[in-house]
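What follows is one structure encoded as structure tokens, with my remarks underneath.
Just so we're clear, the structure is a prediction, and the values are computed from it rather than from any experiment. Both counts, for ligands and for their atoms, begin at 1 and track the order of listing.
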Amino acid sequence: MTGAEPARKVTVLGAGSWGTTFAKVLADAGSDVTLWARRAEVAERINTEHQNPGYVPGVALPESLRATDDAVEAMHGAEAVVLAVPSQTLRENLAGWQPLLPPDATLVSLAKGVELSTLKRMSEVVAEVADVPMDQVAVVSGPNLAMEIAGEQPTATVVACTDHDRAVALQAACSTGYFRPYTNTDLVGIELAGACKNVMALACGMAAGLGYGQNTMSSLITRGLAETTRLGAALGAEPMTFAGLAGLGDLVATCTSPLSRNRTFGERLGRGETLAQAQDATNGQVAEGVKSCSSIRELAAHHGVEMPITEVVHRVCHEDLGPVPGAAQLLGRERKSE
Ligand SMILES: NC(=O)c1ccc[n+]([C@@H]2O[C@H](COP(=O)([O-])OP(=O)(O)OC[C@H]3O[C@@H](n4cnc5c(N)ncnc54)[C@H](O)[C@@H]3O)[C@@H](O)[C@H]2O)c1
Ligand SMILES: O=P(O)(O)OC[C@H](O)CO
């Protein structure tokens, strides 16, 4: 897919909550969409009953949306390939798909995370594993809780790509009466915002689980935005990106919605559940912040950036710090100006 023409043939790899929902958006926008599912029975049900009840219960999928568990068939002739798998498995998934990628296809990451061990953003992982230039990689990120979009509630998002024409083409391919994408070329800012907001949603969830109210949430959201913006500035992002849909927009949606897996996960920790107990309650769906809190913390340390909320979330998730002492640690920090 090149130039400013809408993509007509789009493949979505991953039929989880967001992959299925984004495939519906693309199909509703008039694109010719094939959705790849890991399990044959999921693909079969989408094709015959137009449903994916394990991930988007009660949602009628467009009849034009085709699904398959055959990656070769899924990717044949695609102008854009959308990667809708968890951040920490993207490298492994994409390595398997790499030989099948159509050479000039725009590769679109939906994942919100930072890879453990390499500390790479998802677009960096995609460009490296697919062996394509960075301007062939795009990202979609914003306040995009899948179930609300699947219910066709009005939502905006950001399509980011360093190649503006590709961003415009993808924007056209996913614009519907209920889904309004904006373009942006600040890939670094858009991706960091998407990864960090999951960590802040864990923190807000913990606060909710402890019984704290809106002052605490607003304090965490605002200071979470401050530390995310600091990291972004150190990595060359445009600071204004963090005030946009993929920054403040997604932060507010994720930190305040009971639909967020990250917020829900944090709430369980705040109520005193262990990591394993909270994990059991996710129905197999991914709460990206649980792993990304560690990679973001490490990335910040490499760049000499202070991220106190991320630090506490990491310690609660992985170093046995209780949420109450975690809150005390944040409140007890050295006094400073805003
Ligand atoms: N659900 C949302 O509301 C939403 C919105 C925006 C962005 N995202 C991001 O999109 C990405 C995917 O999220 P999702 O909500 O679709 O996740 P999900 O847990 O609902 O689905 C994950 C999908 O990846 C597939 N998969 C392939 N290989 C896998 C492996 N090795 N391990 C686990 N799953 C594997 C699963 O079969 C499943 O179809 C995440 O990074 C998430 O942060 C999600
Ligand atoms: O359910 P979560 O916490 O993964 O959040 C989903 C989306 O990223 C919200 O934009």
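Annotation for ligand 1: atoms under 4.0 Å from non-hydrogen atoms of Ala84 are 23 (C), 24 (O). Residue-ligand proximity, Tyr55 to ligand 1, at heavy-atom distances under 4.0 Å covers atoms 18 (P), 20 (O), 21 (O), 38 (C). Annotation for ligand 1: atoms under 4.0 Å from non-hydrogen atoms of Gly19 are 16 (O). Counting the atoms of ligand 1 from 1 in the order shown, those under 4.0 Å from a heavy atom of Ala15 are 39 (O). Each of the following atoms of ligand 2 lies closer than 4.0 Å to a heavy atom of Asn262: 2 (P), 3 (O), 4 (O). Within ligand 1, the atoms closer than 4.0 Å to a non-hydrogen atom of Ala111 are 11 (C), 41 (O), numbered from 1 in the order shown. Atoms of ligand 2 found under 4.0 Å from any heavy atom of Thr254, numbered from 1 in the order shown, are 3 (O), 5 (O), 9 (C), 10 (O). Shown in contact with Ser260 at under 4.0 Å from a heavy atom are these atoms of ligand 2, numbered in order with element: 1 (O), 2 (P), 3 (O). Near Asn144, meaning under 4.0 Å from any of its heavy atoms, are these atoms of ligand 2: 7 (C), 9 (C), 10 (O). Near Leu145, with a cut-off below 4.0 Å to any heavy atom, the atoms of ligand 1 are 3 (O). For ligand 2 and Lys112, the ligand atoms under 4.0 Å from any heavy atom of the residue are 7 (C), 8 (O), 9 (C), 10 (O).
Comparing heavy-atom distances from atom 22 (C) of ligand 1 across Gly142, Pro86, Gly54, Gly14 singles out Pro86 as nearest. Nearest-residue assignment for atom 11 (C) of ligand 1 (options Val85, Thr89, Leu259; heavy-atom criterion): Val85.
A salt bridge links Arg271 to Glu267: at least one charged side-chain nitrogen sits closer than 4.0 Å to a carboxylate oxygen. Between Asp104 and Arg166, at least one side-chain N (NZ, or NE/NH1/NH2) sits under 4.0 Å from a carboxylate O, which counts as a salt bridge. Of the charged side-chain nitrogens involved, at least one lies within less than 4.0 Å of a carboxylate oxygen, so that Arg66 and Asp32 count as a salt-bridged pair. For Glu288 and Lys112, the salt-bridge test fails: no basic side-chain N is under 4.0 Å from an acidic carboxylate O. Salt-bridge check for Lys120 with Glu128: passed, with a basic side-chain N closer than 4.0 Å to an acidic carboxylate O.
Taking only nitrogen or oxygen atoms, main chain and side chain alike, Val286 reaches within less than 3.5 Å of ligand 1. Residue Ser17 places at least one N or O, backbone or side chain, under 3.5 Å from an N or O of ligand 1. Distances between N or O atoms of Pro143 and those of ligand 2 include no value under 3.5 Å. Among the atoms of Trp36, none of the N or O lies under 3.5 angstrom from an N or O of ligand 1. Taking any N or O of Gly16, backbone or side chain, at least one lies under 3.5 Å from an N or O belonging to ligand 1. At least one N or O atom of Ala146 sits closer than 3.5 Å to an N or O atom of ligand 1. Taking any N or O of Lys112, backbone or side chain, at least one lies under 3.5 Å from an N or O belonging to ligand 1.
By the rule that hydrophobic residues join a cluster once side-chain heavy atoms approach within less than 4.5 Å of another member, Val85 and Val12 end up as members of separate clusters.
Closest protein heavy atom to atom 10 (O) of ligand 2: Asp250 OD1, 2.6 Å. If you check which protein heavy atom lies closest to atom 5 (C) of ligand 1, you get Asn144 O, 3.0 Å. At the shortest separation from atom 9 (C) of ligand 1 among protein heavy atoms lies Leu110 O, 3.4 Å. The nearest heavy-atom contact from the protein to atom 41 (O) of ligand 1 is Glu288 OE2, 2.5 Å. With hydrogens left out, the protein atom closest to atom 14 (P) of ligand 1 is Trp18 N, 3.8 Å, a heavy atom. Looking from atom 4 (O) of ligand 2 to the surrounding protein, the closest heavy atom is Arg261 NH2, 3.0 Å. If you check which protein heavy atom lies closest to atom 28 (N) of ligand 1, you get Asn93 ND2, 3.1 Å. Atom 29 (C) of ligand 1 has Arg38 NH1, 3.3 Å as its closest protein atom, hydrogens excluded (heavy atom only).
For His318, the NE2 atom sits in a packed shell: over 12 heavy atoms of surrounding residues, nucleotides or ligands are nearer than 6.0 Å. The environment of Met240 atom CE is sparse: at most 12 non-hydrogen atoms of other residues, nucleotides or ligands sit within 6.0 angstrom. Other residues, nucleotides and ligands contribute only 12 or fewer heavy atoms inside 6.0 Å of the CD atom of Gln214. For Arg230, the CZ atom is densely surrounded, since the number of other residues' heavy atoms within 6.0 Å is greater than 12.
Lys197 counts as a contact of ligand 2, since one of its heavy atoms falls under 4.0 Å from the ligand. Using a non-hydrogen distance threshold of 4.0 Å, Glu288 does not register as a contact of ligand 2. Using a 4.0 Å cutoff on heavy atoms, Gly142 counts as a contact of ligand 2. Within the 4.0 Å heavy-atom shell around ligand 1 one finds Arg261.
Remark: of the listed residues Val140, Val108, Thr106, Val108 is the sole one forming a side chain to side chain contact (heavy atoms under 4.5 Å, CB included) with Val82.
Side-chain contact between Cys317 and Val313 is present, with heavy atoms from C-beta onward closer than 4.5 Å.
In terms of heavy atoms, Ala173 sits closest to Ser31 at O-OG, 3.2 Å. Residue Phe242 comes nearest to Gly189 through the heavy atom pair CE2-O, 3.6 Å, listed as atom of the first residue, atom of the second, then distance.
No side-chain N or O of Thr155 forms a donor-acceptor pair with one of Glu148 less than 3.5 Å apart. Donor-acceptor pairing under 3.5 Å is recorded for the side chains of Ser294 and His314. A donor atom on one side chain and an acceptor atom on the other are not found under 3.5 Å apart for Thr162 and Asp135. Side-chain N/O atoms of Glu115 and Ser87 include no donor and acceptor closer than 3.5 Å.
Residue-level proximity to ligand 2 for Arg263 is absent, since no heavy atom of it falls below 4.0 angstrom.
A cation-pi arrangement is present between Arg180 and Tyr182 under the rule of less than 6.0 angstrom and at most 45 degrees off the ring axis.
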